[in-house]
There are 2 protein chains.
Amino acid sequence: MKVKLEDVAQLAGVSPTTVSRVLNNRGYISEKTREKVEQAIKDLNYYPNDIARSLFKKRTNFIGLILPTINNPFFSELALYIENICSNHEFKVILCNSLGQVAKETSYAEMLIRHQVDGIIVCSYNRGIEIYKNSKLPIVAIDHYLSPTIPVIGSDNYEGGRLAVQHLLNQGCKEIIHINGPSELETPTQNRRKAYEDQVAHPITYELNSVFDEEATAETIKKIFKEHPETDGIFASDDLIASTCLKVANELGIQVPNQLKVVGYDGTLSVRSLLPHLTTIKQPIEEIAQSAVLRLMDIINEVNKDERMEIILPVQLLENGTAELNG
Amino acid sequence: MKVKLEDVAQLAGVSPTTVSRVLNNRGYISEKTREKVEQAIKDLNYYPNDIARSLFKKRTNFIGLILPTINNPFFSELALYIENICSNHEFKVILCNSLGQVAKETSYAEMLIRHQVDGIIVCSYNRGIEIYKNSKLPIVAIDHYLSPTIPVIGSDNYEGGRLAVQHLLNQGCKEIIHINGPSELETPTQNRRKAYEDQVAHPITYELNSVFDEEATAETIKKIFKEHPETDGIFASDDLIASTCLKVANELGIQVPNQLKVVGYDGTLSVRSLLPHLTTIKQPIEEIAQSAVLRLMDIINEVNKDERMEIILPVQLLENGTAELNG
DNA sequence: ATGAAAGCGCTAACAG
DNA sequence: CTGTTAGCGCTTTCAT
């Protein structure tokens, strides 16, 4: 059997209450008693049962993190920062990969509620998860509008789009095409598209319906070059799509940046390391993580509960080579 | 207040036991009663409290996943599969990024114990975490020997090293250099090095002491070219290192694969997508995840508890271009 | 400065 | 087929 608080009390010759006091540094305890108890804890190699504690306290110090897939440079970097900040605040993270499936996401949300998590950070792509709206659970969303009562953290997507397209124009591109995810998703990401459309005379956006299917992405890109051979600039809504553009261009013998300039989006550490010459818009991922966690904790602790329903952080253009002639 | 089982019982006009029976499909319940209860559950929007349930059952259905950093293609892919398989088995995953720090890893392990996780999957690089050895908790390790009682899951590192070096030799390399992590870590990864040393006449291995510091890695690689300008082949112990080799070679005007051939290791989906021409050794990451989770569940459920202390899965050479003249 | 007792929300004997 | 009761391990009034 696992050793429990009562065993410690017995060995130390005190009551369970006293042991609890030592554990939590609460109330008055004589130095002698404290030492006895601490010795007993060591002797028995005792670890408090946080499940029992949570049951009593109605506070688990767990938060749920729901994202489409952790196996994506943006989400894994975000998750790293989120988990780190949480761990600094004594919070623990339950990882949920929704895989873009509504059913999965719903069942994760239910699981988290049943497990009494103190809050949830959502960065999924799914719409219409009613549970988010009905539940009184503290929730913050990253880059997605889930409901009017759920704060959104994100970066300045319009400005990011503007920077990307402006850069391509500055570099002499005449025929710029935009590639983005499905437009029916209500995500601030669509602001990248809006910025693009506001800046070019005849905007042409290609929509990907499965962002995580590289084959399909490659096919779409091939279609672009077939349907619009005059294309000399591509603004991709993320770096993975941009990377696929480079690959397809390479296969087709199109030279980058001479014949085609490409700007990506996200600027994760992984992509900057693996694809150092990709010009991209860098999101402030660490700041997004920080804001999301702090905002969530505010809601959990009921401070500034209803302030700032939207936090927008600045982005940055990284000129690395795929969109510049003189690198 | 949160609605609890008792509230459901009251509304349905039955005892808490009956509600519990409906919830768990245990024992005999009349159809009428079941319907009443289910209606009450719906009306109250009731979700069972898994914390209370866990306390009673002494089973949390939580497992801890300890890895150096989720922001790494290998670990994030592994984590995706692990979490997925767990979720299929009704297990939930607590994410822990040890950041390669012994203190962090120890405190994570303690946290997991206090939270009564049913088991832990460890893929960290840290040595001498005593807690793993002392605790009676079910643990499996991925690619690391933690103690004689802890099963290890990994792929065939010696064969992987052999394949990589043999390939470089077949492609005509005369002076092959190996880059690896610190040799004092007792990881099966060192078998990649051993295979290399067994196959070349005058093995030269450069050791990185901080695998996750790209700057330092780049410096080391520059040193290689300075100290051994005759180098015409590099076998890197992971793809990120290989990628840095490509970058440095590019900066130095060394042509790949003409003047220098590079073979990496891991073959993650991310790297294959971002760096499709990198020749590498592909680890069976999904199978590793599957084996680890199933082995852990066997230990948790006390079946085949002491069988198979080491599971070694096959690897595969992916010829993509950085080590072949005719691609 | 310390202890006794009640209870967090749920489940599982045991009765009936 | 359903209810009563005790208890999972801990914390916290309330006494003393």
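The sequence lines fix the lettering, A, B, ..., with proteins before strands; numbering per chain opens at 1.
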To the nearest angstrom, how far is [X] atom [atom1] from [N] atom [atom2]?
| X | N | atom1 | atom2 | value |
| --- | --- | --- | --- | --- |
| B/H115 | D/dC10 | NE2 | C1' | 13 Å |
| A/R21 | D/dC14 | CZ | P | 14 Å |
| A/K36 | C/dA1 | NZ | P | 14 Å |
| B/N24 | C/dC10 | CG | C1' | 9 Å |
| A/R26 | C/dT2 | CZ | C1' | 16 Å |

> Without hydrogens or angle criteria, can the side chains of B/S15 and B/T18 be said to hold a donor-acceptor pair below 3.5 Å?
Replying inline: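 There is such a pair (donor and acceptor under 3.5 Å, judged by atom type) between the side chains of B/S15 and B/T18.
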
> Which pair of heavy atoms, one from A/V3 and one from A/L44, lies closest together, and at what distance?
Replying inline: CG1-O, 3.5 Å

> What are the two closest non-hydrogen atoms of A/C123 and A/L78, and how far apart are they?
Replying inline: SG-CD2, 4.0 Å

> Between B/S270 and B/T268, is a side-chain hydrogen bond (donor to acceptor under 3.5 Å, both in side chains) present by the stated rule, with each step listed?
Replying inline: CA-CA 5 Å; B/S270 290; B/T268 56; 5.1 Å; no

> Using 30° and 60° as the class limits, which term best fits the ring planes of A/F62 and B/F62: parallel, tilted or perpendicular?
Replying inline: parallel

>> Run A/E310 and A/Y145 through side-chain hydrogen bond (donor to acceptor under 3.5 Å, both in side chains) and show every step you take.
In response: CA-CA 10 Å; A/E310 188 158 11; A/Y145 301 113; 2.8 Å; yes

>> Are B/S155 and B/I288 packed together at the side-chain level, in the sense that at least one heavy-atom pair is separated by less than 4.5 angstrom?
In response: yes

>> For a quick test of reading the model: is some side-chain N or O of B/T18 closer than 4.0 Å to OP1 or OP2 of D/dT2?
In response: no

> Ion pair present between A/K4 and A/D7, side-chain N to carboxylate O less than 4.0 angstrom?
Replying inline: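 No salt bridge links A/K4 with A/D7.
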
>> Could you check whether atom CD of A/E90 has more than 12 heavy atoms from other residues, nucleotides or ligands sitting under 6.0 Å from it?
In response: no

> Which listed nucleotide (C/dA1, C/dA12, C/dT11) is nearest to the side chain of A/Y28?
Replying inline: C/dA1

> Out of C/dC14, D/dT5, C/dA4, which has the shortest distance to the side chain of A/S15?
Replying inline: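 Nucleotide nearest to A/S15's side chain: C/dA4.
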
> Starting at the 5' end of DNA chain D and moving along, which residue's nearest nucleotide shows up first, B/V14 or A/L23?
Replying inline: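 Final value for this comparison: B/V14.
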
> What parts of residues 45-60 of chain B reach DNA chain D, counting only heavy atoms under 4.0 Å away?
Replying inline: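 Close to the strand are B/L55, B/F56, B/K58.
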
> Heavy atom of residues 2-13 of chain A under 4.0 Å from DNA chain D: which residues?
Replying inline: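 Nucleic-acid contacts, sorted: A/K4, A/L5.
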
> Per the atom types in the model, does the base of C/dA12 pair as donor or acceptor with the side chain of B/T17 at under 3.5 Å?
Replying inline: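 Indeed, a donor on one side and an acceptor on the other fall under 3.5 Å apart.
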
